[in-house]
Amino acid sequence: MAKKTPRAPYVRLTRPLVRDAGELRPASWDEALDRAAEGFRRNVEAHGPDAFGMFSCARATNEMNFVAQKFTRVVIGTNNVDSCNRTCHAPSVAGLAAAFGSGGGTSSYQEIEDTDLIVLWGSSAREAHPIFFQHVLKAIRRGARVFAVDPRRTSTARWADRWLGLNVGTDIPLANAVAREIIHAGLHNTTFVERGTSGFAEFAASVEPWTLEAAERETGVPAAAIRELAHAYARADRAQLCWTLGITEHHNATDNVRALINLALLTGHVGCYGSGLNPLRGQNNVQGGGDMGAIPDRLAGFQDILDPAVRTRFAQAWGREIQPRHGLNLTDMLAAMGAGTLTAAYIIGENPTQSEADAEHTVKRLGLLDHLVVQDIFLTRTARMADVVLPAGAAWCESDGTMTNSERRVQRVRKALDPPGEARDDIDILCALARRLGHDWRYERAEDIWDEVRSLSPIHAGMSYARLEERQGIQWPCYSEDGEEPSFLHSRLWETDPEARGRPAPFAVLRHSPPVDRLDQEFPLRLTTGRRLDSYNTGVQSGGFASPLRRGENVELSPEDAERLGVTTGEQVRISSRRGTVTAPAFVDPALRPGLVFMTMHFPDEVNTNSLTIEATDPIAGTAEYKATAVRVEKVGGN
Ligand SMILES: Nc1nc2c(c(=O)[nH]1)N[C@H]1C(S)=C(S)[C@@H](COP(=O)(O)OP(=O)(O)OC[C@H]3O[C@@H](n4cnc5c(=O)[nH]c(N)nc54)[C@H](O)[C@@H]3O)O[C@H]1N2
Ligand SMILES: Nc1nc2c(c(=O)[nH]1)N[C@H]1C(S)=C(S)[C@@H](COP(=O)(O)OP(=O)(O)OC[C@H]3O[C@@H](n4cnc5c(=O)[nH]c(N)nc54)[C@H](O)[C@@H]3O)O[C@H]1N2
Ligand SMILES: [Mo]
């Protein structure tokens with residue numbers, strides 16, 4: 001195997017840093033906070049509050065995310081706040097909200113165990129959601145069947161009864177063919193379709209072209225396998241449809257999500273115990289960050305920022321008007337940096353220089369900022385670009401608060417350790433900056449912040465810390481301290497009384513739109529990117545180095561392509577896209593079908609996969625097409 005030069009793992013940040021004459025140097029907290037606050041003040045005075053952007057941390061607590069969005073809206077006066085939800089499940093939230101009015105996954109983990117059929121669609125749950133996967137394993141032990149829909153035969157797919165290995169970016173043809181087969185076989189749930197949905201006739205007409213054969217040609221999945229999935233899903237008493245980034249990291253991701261929602265609407269596999277639609281969320285608290293309003297279009301509790309009554313309630317509590325318009329999302333903020341209209345950024349616990357698609361373009365945009373403050377636990381590549389670096393505590397073990405998981409369950413986390421050196425809790429830092437900018441914020445305890453959340457967000461109102469403790473976590477919605485929370489959402493759609501049912505869930509008519517980065521003679525292979533069990537995101541927290549157990553970055557190839565290129569595992573290959581070129585050892589993997597290449601995003605200091613990816617984004621959610629890049633792979637001569 002070719003030798004790598006592994007870098008050492010990152011060392012925790014223990015002191016603030018400020019930039020002087022082009023270099024970062026240690027500074028006192030007073031100096032660093034003064035510099036950070038002064039830069040924000042200068043930019044807001046010169047260009048207005050919308051010249052500011054906040055990237056909030058999906059690893060930190062609900063309380064921290066609530067304070068970060070309040071800082072953005074009250075101290076600065078803009079709605080430009082977002083998090084890495086934009087890079088993964090923003091399309092799931094947008095799709096679910098369009099269908100049902102709220103963006104959460106609909107089921108509880110217990111219902112995953114109690115179901116009859118689980119479809120894992122574009123989800124490598126065995127590697128990326130190992131805790132959730134334990135519930136899947138329990139379901140399997142109880143006799144549930146599992147279908148995996150993934151271009152690669154993943155370790156998840158190896159646990160499944162059936163693997164549907166589709167071509168990248170063909171999920172809509174596949175889902176539409178499943179829908180057509182269900183309708184033609186008369187297996188759709190007419191009671192639910194009539195009661196709980198709208199737009200069936202138009203939808204049914206729209207899937208007509210997607211015969212099993214047409215879908216086989218487009219997706220590469222045999223007609224018989226599509227038919228089997230359709231019949232199994234429609235006939236199951238209870239069925240769970242779970243998806244992740246194979247669905248959402250595409251230029252038409254919200255449509256992809258709607259394609260899956262259509263299947264649940266057709267069969268009535270939503271709104272009842274044991275059936276549901278579940279985006280498995282990525283970061284430990286990315287669900288909670290959005291729920292707290294650390295997104296540009298919603299206030300805490302998923303309340304619409306365009307609703308005047310909602311804004312008035314928050315303005316009264318906070319003493320400042322909320323802007324009556326959506327702020328910029330993460331993707332828009334980066335574009336605004338490029339255009340020179342966003343000039344000051346406060347990045348808390350995000351590493352966009354390595355996680356954003358077309359990363360070198362992102363680096364250029366960040367370089368145009370007048371003022372960049374990065375608050376992290378490590379000196380990342382992003383932090384190394386900052387004017388001020390603020391060392392934070394690690395939320396998962398060095399602070400108190402709550403976090404919210406994919407089943408919408410809010411749970412307590414407790415401080416077990418002090419942050420190292422002079423590092424301080426994220427919330428303390430935000431409050432110290434707020435005080436320098438004229439707001440006398442002093443939160444003694446995380447619980448005080450949580451009680452403020454409860455007073456403003458009806459779906460969290462009944463979750464006191466005492467109750468969270470007693471119940472070992474509570475799922476939202478939880479409107480009062482004496483109510484019973486449902487474990488699943490949208491049972492109203494089954495009501496016989498139309499009043500009680502409310503707005504029916506609309507079917508979506510969807511068009512197939514292949515990946516933006518087209519394959520041609522120069523770039524004939526399809527690169528898709530994702531995760532491995534042993535590493536975490538941009539590798540900052542899991543260490544960049546390889547070990548006998550962690551092989552570092554590879555260009556994973558099918559045996560057929562490897563043979564054609566004349567490479568074997570461990571030999572260096574050069575992989576190029578229309579945006580960049582990197583070099584890494586090949587890894588030949590029979591889990592890949594010919595034409596498909598796989599890389600992770602875990603080792604960007606050695607191999608920055610995102611210098612290859614394309615910035616084509618979903619117009620509704622702003623999520624980039626990380627899952628579909630056109631590439632060329634060549635053997636590096638002479639080794
Ligand atoms: N060990 C580990 N766990 C993690 C993380 C980590 O870095 N490491 N990161 C966390 C985060 S932030 C997130 S968002 C989640 C992500 O969790 P997942 O979404 O499960 O992880 P990925 O590997 O990015 O992508 C899932 C699958 O999508 C498939 N795929 C690619 N293109 C397509 C397509 O066109 N259609 C379909 N149907 N499938 C396709 C890929 O082959 C891959 O197996 O994981 C979380 N958990
Ligand atoms: N090619 C490709 N690229 C991708 C993806 C893909 O599938 N393929 N997936 C995308 C997805 S889903 C995601 S979520 C993004 C992830 O992208 P990022 O969120 O930018 O990457 P992370 O490596 O998770 O960075 C997390 C940062 O938070 C810091 N941190 C951790 N805990 C705390 C804390 O308590 N406080 C503070 N202040 N900081 C903390 C860590 O040190 C680290 O620097 O990457 C995206 N990029
Ligand atoms: Mo994510």
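Sequence positions, counted from 1, serve as the residue numbers for this chain. Ligands are counted one by one from 1 in listed order, and the atoms in each one are counted from 1 as well.
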Original post:
Who passes ring pair (Phe, Tyr, Trp, His ring centres under 6.0 Å) against Tyr109, sequence neighbours left out?
Top reply: Phe132, His135

**OP:** Answer yes if the ring centres of Phe52 and Phe40 are under 6.0 angstrom apart, and no otherwise.
**Re:**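 Ring centres of Phe40 and Phe52 closer than 6.0 Å.
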
Suppose I only count heavy atoms of [X] and a 4.0 Å limit; which atoms of ligand 2 are within that range?
X: Gln375; answer: 38 (N)
X: Ala394; answer: 35 (O)
X: Ile348; answer: 38 (N)
X: Asp426; answer: 34 (C), 35 (O), 36 (N), 37 (C), 38 (N)

Original post:
For the residue pair Cys84 and Gln283, what are the closest heavy atoms and their distance?
Top reply: SG-CG, 3.4 Å

Original post:
Would a 4.5 Å heavy-atom cut-off, applied to side chains only, mark Tyr346 and Leu433 as touching?
Top reply: yes

**OP:** Check whether any side-chain heavy atom of Cys397 lies under 4.5 Å from a side-chain heavy atom of Leu417, and answer yes or no.
**Re:**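 Contact flag for Cys397/Leu417 side chains = yes.
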
Original post:
Name the residues in contact with ligand 1, where contact means a heavy atom under 4.0 Å away: which are they?
Top reply: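 Near ligand 1, by chain and number: Cys88, Trp121, Gly122, Ser123, Ser124, Glu127, Ala128, His129, Val149, Asp150, Pro151, Arg152, Thr154, Leu166, Val168, Gly169, Asp171, Thr244, Leu245, Gly246, His250, Gly282, Gln283, Thr528, Gly530, Arg531, Arg532, Leu533, Ser535, Tyr536, Asn537, His602, Lys627.
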
Original post:
Within 45 degrees of the axis of the six-membered ring of Phe587 and under 6.0 Å from its centre: does Arg551 put its NZ or CZ there?
Top reply: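 Output yes; distance and angle both within limits.
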
Subject >> Ionic contact status for Glu63 with Arg445, cut-off 4.0 Å >> reply: no

**OP:** Answer yes or no: is there an ion pair linking Arg12 with Glu398, defined by an N-O contact shorter than 4.0 Å?
**Re:** yes

Original post:
Between Asp376 and ligand 2, does any nitrogen or oxygen pair lie at a separation below 3.5 Å?
Top reply: yes

